A.B. asks: 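Mind having a look at this structure? Questions to follow.
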Amino acid sequence: MPETPENRDREIAAPVIDWYRSAARDLPWRRPEFHERFGAWGVLVSEFMLQQTPVARVIPRLDAWLERWPSPADMATASPAEVVQQWANLGYPRRALWLHRAATEVVREHDGTVPRDVPALLALTGIGDYTARAVAVFSYGDRHPVVDTNTRRVLARAVDGSAHPGPPSRRDLALMEAQMPVDDSAAAVFNAAVMELGATVCTARAPFCEECPIADRCAWLAAGSPATVDTRRKQAAYEGSDRQARGAVLRVLREIAPAGIALEDLLPDWPDPLQRDRAIDSLVADGLAEAGNGEIALPR
DNA sequence: GAGCCGTGGTG
DNA sequence: TCACCAAGGCT
């Protein structure tokens with residue numbers, strides 16, 4: 001955003017960055033030694049795990065993962081079964097498979113080095129707009145807008161004056177880009193700072209506006225924090241869902257019978273047998289399990 | 001592009 | 001208590 005007398009008082013970069021320097025949480029992937037030891041691979045793994053899984057649950061699993069597979073080449077030697085087991089209860093286990101696939105793609109197509117270009121990152125399995133730019137920015141220090149649920153919410157409030165962001169769109173990238181400092185390094189800090197603000201202050205439910213470094217220029221606060229239209233899709237009910245059945249099946253395979261179990265012994269008391277069978281079929285279709293000869297097991 | 005995909009903490 | 005929420009991506 002060009003600095004003019006008109007908009008200078010609405011800029012958010014400087015105060016958000018200043019706030020971040022004193023308020024940032026000490027997270028593993030923000031430590032210099034993390035980058036020295038694991039490089040872009042460490043950032044890539046952390047971003048996969050952070051896709052829809054809270055920070056507190058990621059930290060211990062990330063540590064264990066990188067101890068076991070400190071590079072893409074190490075990861076590529078693992079079997080899908082090992083990967084799914086190591087993923088444990090982080091949720092959305094397809095991400096474990098995708099991370100494994102991405103590692104093999106890095107080895108095969110990029111000589112074992114996580115690529116730096118956003119298009120190359122986007123071409124890897126399981127990497128979308130958010131993760132690609134997060135790696136390019138937080139590992140390589142390049143200048144890109146990193147848009148996630150936090151930055152979308154912060155800008156919806158501060159700039160648009162809405163309590164909730166609208167449906168995801170390419171405009172989100174442009175809006176973030178427009179707020180970013182020109183300098184690469186400052187832009188990287190800004191990206192992290194806006195995410196941090198959304199995660200700890202400008203929260204979805206009950207934001208702590210009294211602690212916000214840009215409360216004096218927030219369009220939503222200035223308008224009296226109105227309840228605005230909420231276009232976010234609600235999550236489908238989990239209790240009784242196919243997802244719950246899939247989770248239950250995979251938990252048995254992970255924790256009790258990774259080498260395999262007779263289908264007739266798998267969750268025999270599940271309330272809906274048809275749903276159980278549906279879960280098995282879809283897990284096999286996703287490559288999260290293998291079935292044959294009346295048995296089911298983690299994929300080899 | 002709407003629907004789907006886990007798991008657990010929380011107000 | 002229970003609906004909401006969490007550093008998304010794929011089909």
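In what follows, chains are A, B, ... by sequence order, proteins preceding strands, each numbered from 1. The structure displayed is predicted, hence computed values, not measured ones.
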A.B. asks: Considering every strand and a 4.0 Å limit on heavy-atom distances, what is the contact class for A:R254: base, sugar-phosphate, or nothing?
C.D. replies: sugar-phosphate

A.B. asks: What interatomic distance, in whole Å, is found between P of C:dA7 and the corresponding atom of B:dG11?
C.D. replies: 14 Å

A.B. asks: Encode nucleotides 5-11 of chain C as B, S and - characters from 5' to 3', where the letter depends on protein heavy atoms closer than 4.0 Å: B to the base, S only to sugar-phosphate, - to neither.
C.D. replies: BBBBBS-

A.B. asks: Between A:L250 (CG) and B:dC5 (C1'), how many Å, whole number?
C.D. replies: 12 Å

A.B. asks: Distance from A:L298 atom CG to A:Q85 atom CD, nearest 0.5 Å?
C.D. replies: 5.5 Å

A.B. asks: Among residues at least two apart in sequence or on other chains, which ones pass salt bridge (charged side-chain N to carboxylate O under 4.0 Å, His left out) with A:R157?
C.D. replies: none

A.B. asks: Roughly how many Å is it from CZ in A:R251 to P in B:dC5, rounded to a whole number?
C.D. replies: 17 Å

A.B. asks: Kindly say if A:N89 contacts the phosphate of B:dG6, meaning a side-chain N or O under 4.0 Å from OP1 or OP2.
C.D. replies: no

A.B. asks: Between atom CG in A:L99 and atom C1' in B:dG6, what is the gap in whole Å?
C.D. replies: 17 Å

A.B. asks: More than 12 foreign heavy atoms under 6.0 Å from CZ of A:R25: is that the case here?
C.D. replies: yes

A.B. asks: Using a 4.0 Å heavy-atom cut-off across all strands, classify A:P93 as base, sugar-phosphate, or nothing.
C.D. replies: sugar-phosphate

A.B. asks: Does CZ in A:R171 sit with more than 12 non-hydrogen atoms of other residues, nucleotides or ligands closer than 6.0 Å?
C.D. replies: no

A.B. asks: Without decimals, in angstroms, what is the distance between A:K234 NZ and B:dC4 P?
C.D. replies: 15 Å

A.B. asks: A:F48 near the nucleic acid: base, sugar-phosphate alone, or nothing, with a heavy-atom cut-off under 4.0 Å?
C.D. replies: nothing

A.B. asks: For A:W270 and A:Q275: C-alpha separation, side-chain torsions, deciding distance, then whether side-chain hydrogen bond (donor to acceptor under 3.5 Å, both in side chains) applies.
C.D. replies: CA-CA 9 Å; A:W270 193 257; A:Q275 181 184 57; 2.9 Å; yes

A.B. asks: Over how many whole Å does the gap from A:D242 atom CG to B:dG3 atom C1' extend?
C.D. replies: 12 Å

A.B. asks: Answer with yes or no whether the side chains of A:Q86 and A:R68 bring together a donor and an acceptor at under 3.5 Å.
C.D. replies: yes

